[in-house]
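Before any comments, here is the structure.
Every chain is numbered from 1, with letters handed out A, B, ... down the list of sequences. Just so it is clear, the model here is predicted, and its values are computed rather than measured. Atoms considered below: every heavy atom in the structure, side chains included; atoms not considered: hydrogens, waters and symmetry mates.
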Amino acid sequence: MLDPKLIRQDIEATAQRLKTKGFTLDVAALQKLEEQRKEWQTKAETLQNERNVRSKQIGQAKAQGQDIQPLLAAVGELGEQLKQAEEQLDIIQQQLHAKLSEIPNIPHQDVPQGVSEEDNVEIRRWGTPPVFDFEPKDHVDLGARDQRMDFEAATQLTGSRFVVLRAGLARLHRALIQFMLDTHTEEHGYQETYVPYLVNRNSLFGTGQLPKMEEDLFAIKDERSFCLIPTAEVPLTNLMAQQIIEPDRLPIKITAHTPCFRSEAGSYGKDTRGMIRQHQFEKIELVWVVKPEDSDAALETLTSHAEAILKKLNLAYRVVALCGGDLGFCSAKTYDLEVWLPAQNRYREISSCSNMTSFQARRMQARWRHPETGKPELVHTLNGSGLAVGRCLVAIMENYQDKDGRIHIPEVLQPYMGGVKVL
RNA sequence: GGAGAGGUGGCUGAGCGGUUUAAAGCGGCGGUCUUGAAAACCGUUGAGGGGUACUCCCCCUCCCAGGGUUCGAAUCCCUGCCUCUCCGCCA
């Protein structure tokens with residue numbers, strides 16, 4: 001959520017900056033609502049004040065044994081007027097809140113212009129894509145052996161976009177999770193965190209999945225209206241909701257491994273083959289909570305932590321800065337990490353690292369105490385995948401295959417595989 | 001699932017429907033004293049929003065949440081959520 005003051009005081013400039021994100025701000029409607037808000041809020045508060053004053057007078061008169069009938073009569077219509085004003089104000093506040101909730105974050109100054117993926121800007125490359133003296137297979141073909149990657153079984157159990165892994169491949173999948181968590185906790189200073197996989201709608205509002213991304217969520221069908229998390233960003237970041245954090249606790253760096261559930265409602269027919277786009281996948285998430293002035297630097301560091309995993313696995317990748325039009329709803333700036341997939345002969349997203357600035361913090365009232373003023377101020381939040389496990393498994397299979405369709409285990413993973421070197 | 005108890009400020013914990021404008025203690029902050037510190041004493045103390053372009057002042061809201069009764073609700077009524085204890089069930 002943006003600062004309502006921006007809407008009140010600087011709406012034209014705000015509208016201009018949101019345009020780089022492809023979002024058209026309804027300036028007239030917002031200004032009108034804002035005017036009404038002010039009018040009715042003033043009216044309601046004046047009436048509330050009058051009620052408080054008069055009620056107190058009645059109390060005092062009664063205590064002194066005076067006749068309160070005249071005072072009671074004087075209160076007259078006040079209650080009814082107040083009720084109307086409060087109802088009217090409530091309606092306007094709700095409309096305003098609904099509108100504000102659907103305005104995306106303002107892009108950072110140095111986000112490249114553009115409307116789609118095409119306009120993203122490559123920042124750097126690392127590693128060299130492997131050269132094969134045979135035609136490399138994709139992970140689906142590689143996984144077919146011994147049904148170690150079994151889509152048909154998953155379809156029978158559940159439906160499309162799920163997978164069953166068996167034996168060494170299942171273990172490799174688990175090894176990746178352990179490896180990533182260990183690296184981030186032991187080398188990058190993150191606190192390992194275990195979190196619920198079901199969250200309430202309040203949490204989903206806090207991190208910005210609601211109200212606009214509802215169709216991508218899997219909801220539990222009972223009166224509690226829980227949803228399966230689409231990313232650990234939701235529980236991790238919402239740990240800060242309603243908090244006032246003392247400055248010496250910042251920056252907070254936390255990580256969690258969780259399954260993620262996405263309905264992929266807008267992706268029919270996209271990546272239907274293989275493990276790239278699933279309804280359920282595992283991810284290691286990195287979350288930072290920082291002072292506002294530190295968030296730019298934090299994004300660089302967080303991104304480097306995700307990159308470190310790819311480097312240790314010796315997987316070629318590139319870093320891409322998303323253009324305005326490709327930025328997520330909450331993000332002011334995003335770097336995507338894209339790993340080389342030989343069978344697709346191109347780089348594919350394996351991590352997305354974003355600076356949400358105060359956008360999520362405002363939605364969940366996550367604050368820190370500014371040491372100079374002593375007053376609570378909104379923190380900045382950041383998150384990134386470090387990394388998406390399923391896609392990482394795909395990358396290892398495809399990059400580490402040999403002509404016999406065997407998969408060689410990267411050295412850093414071998415300790416996690418009981419010394420197994422080839423699958 | 002059954003039976004009870006309870007949710008009040010950073011914490012502990014009072015609070016007959018009306019000087020409660022939420023007592024008191026602890027903690028925090030500032031000061032006095034001191035070479036310094038402790039102790040003692042004095043003062044201070046939250047969050048959200050609005051008005052006014054404002055390190056001033058004024059107002060509103062907030063005692064788990066949402067409704068209701070009332071001139072007036074932390075206090076009374078209803079609903080929900082959560083926590084604790086016991087029983088049952090259970091990985």
(message) Both distances below 3.5 Å, Watson-Crick or wobble geometry, any strand: find the nucleotide opposite B/rC89.
(response) none

(request) For nucleotides B/rA74 and B/rC64, find the distance between their C1' atoms and express it as a whole number of Å. (result) 12 Å

(message) Can a donor-acceptor pair be found, under 3.5 Å and without considering hydrogens, that links the side chain of A/Asp336 to the backbone of A/Cys353?
(response) no

(request) Using the C1' atom as the reference point in each nucleotide, state the distance between B/rG68 and B/rG48 in Å, no decimals. (result) 25 Å

I'd like a table of atom pairs between the protein and nucleotides 58-65 of chain B - only N or O on both sides, under 3.5 Å - with the distance next to each one.
{"from": "B/rC59", "atom 1": "O3'", "to": "A/Asn49", "atom 2": "ND2", "distance (Å)": "2.8"}
{"from": "B/rC60", "atom 1": "OP1", "to": "A/Asn49", "atom 2": "ND2", "distance (Å)": "2.8"}
{"from": "B/rC60", "atom 1": "OP1", "to": "A/Asn52", "atom 2": "ND2", "distance (Å)": "3.3"}
{"from": "B/rC60", "atom 1": "O3'", "to": "A/Gln48", "atom 2": "OE1", "distance (Å)": "3.0"}
{"from": "B/rC60", "atom 1": "O2'", "to": "A/Gln48", "atom 2": "OE1", "distance (Å)": "2.5"}
{"from": "B/rU61", "atom 1": "OP1", "to": "A/Arg51", "atom 2": "NH2", "distance (Å)": "2.7"}
{"from": "B/rU61", "atom 1": "OP2", "to": "A/Asn52", "atom 2": "ND2", "distance (Å)": "3.4"}

(request) Using the side chain to side chain donor-acceptor pair (under 3.5 Å) rule, pick out the option among A/Arg273, A/Gln344, A/Gln401 that qualifies with A/Asp138. (result) A/Arg273

Atom pairs under 3.5 Å, N or O on each side, protein against nucleotides 51-57 of chain B: can you list them with distances?
{"from": "B/rU52", "atom 1": "OP2", "to": "A/Lys38", "atom 2": "NZ", "distance (Å)": "3.4"}

(request) Write down the partner of B/rC84 under the Watson-Crick or G-U wobble criteria, each distance required to be under 3.5 Å. (result) B/rG4

(message) With nearest nucleotide decided by heavy atoms, which residue, A/Pro4 or A/Arg367, maps closer to the 5′ end of RNA chain B?
(response) A/Arg367

(message) Partner lookup for B/rC62, please. Criteria are Watson-Crick or G-U wobble with both distances under 3.5 angstrom; report none if nothing qualifies.
(response) B/rG46

(message) Is it the case that the side chains of A/Tyr400 and A/Asn314 hold a donor-acceptor pair, with the cut-off being a distance below 3.5 Å and no angle test?
(response) no

(request) For B/rG31 and B/rA37, measure between their P atoms and round to the nearest Å. (result) 11 Å

(message) Please classify the glycosidic conformation of B/rA53 as syn (within 90° of 0) or anti (everything else).
(response) syn

(message) If the threshold is 4.0 Å, N to carboxylate O, is there a salt bridge linking A/Asp326 and A/Lys21?
(response) no

(request) Verify the contact: side-chain N or O of A/Arg369 to OP1 or OP2 of B/rG46, cut-off strictly under 4.0 Å; return yes or no. (result) no

(message) Does the structure place the NZ or CZ of A/Arg262 under 6.0 Å from the centre of the six-membered ring of A/Phe218, at an angle of no more than 45° from the ring's axis?
(response) no

(request) Using a strict 4.0 Å threshold on nitrogen-to-oxygen distance, state whether A/Lys99 and A/Asp26 make a salt bridge. (result) no

(message) If I pick the P atom on B/rG28 and the same atom on B/rG67, what distance separates them, to the nearest angstrom?
(response) 39 Å

(message) Between B/rG72 and B/rU61, how far apart are the two P atoms, rounded to whole Å?
(response) 12 Å

(message) In whole Å, measure the gap between the C1' atoms of B/rC33 and B/rC16 for me.
(response) 45 Å

(request) Using the C1' atom on both, measure B/rG15 against B/rU21 and round to a whole Å. (result) 15 Å

(request) Hunt down the Watson-Crick or G-U wobble partner of B/rA14, both distances under 3.5 Å, from any strand shown, or write none. (result) none

(request) Answer whether the closest heavy-atom distance between the side chains of A/Ile245 and A/Arg367 falls below 4.5 Å. (result) no

(request) For A/Phe226 and for A/Gln60, locate the closest nucleotide of RNA chain B by heavy-atom distance; then report the residue assigned to the nucleotide nearer the 5' terminus. (result) A/Gln60

(request) Mark yes or no for whether A/Glu398, through its side chain, and A/Ala343, through its backbone, hold a donor-acceptor pair below 3.5 Å. (result) yes

(message) Could you check whether A/Glu34 pairs with A/Lys38 (Lys NZ or Arg NE/NH1/NH2 to Asp/Glu carboxylate O, under 4.0 Å)?
(response) no

(request) Name the pairing partner of B/rA38, where a pair is Watson-Crick or G-U wobble with both distances under 3.5 Å, or state none. (result) none

(request) Look only at the side chain of A/Arg161 and the backbone of A/Arg277, and say whether a donor-acceptor pair between them is shorter than 3.5 Å. (result) yes

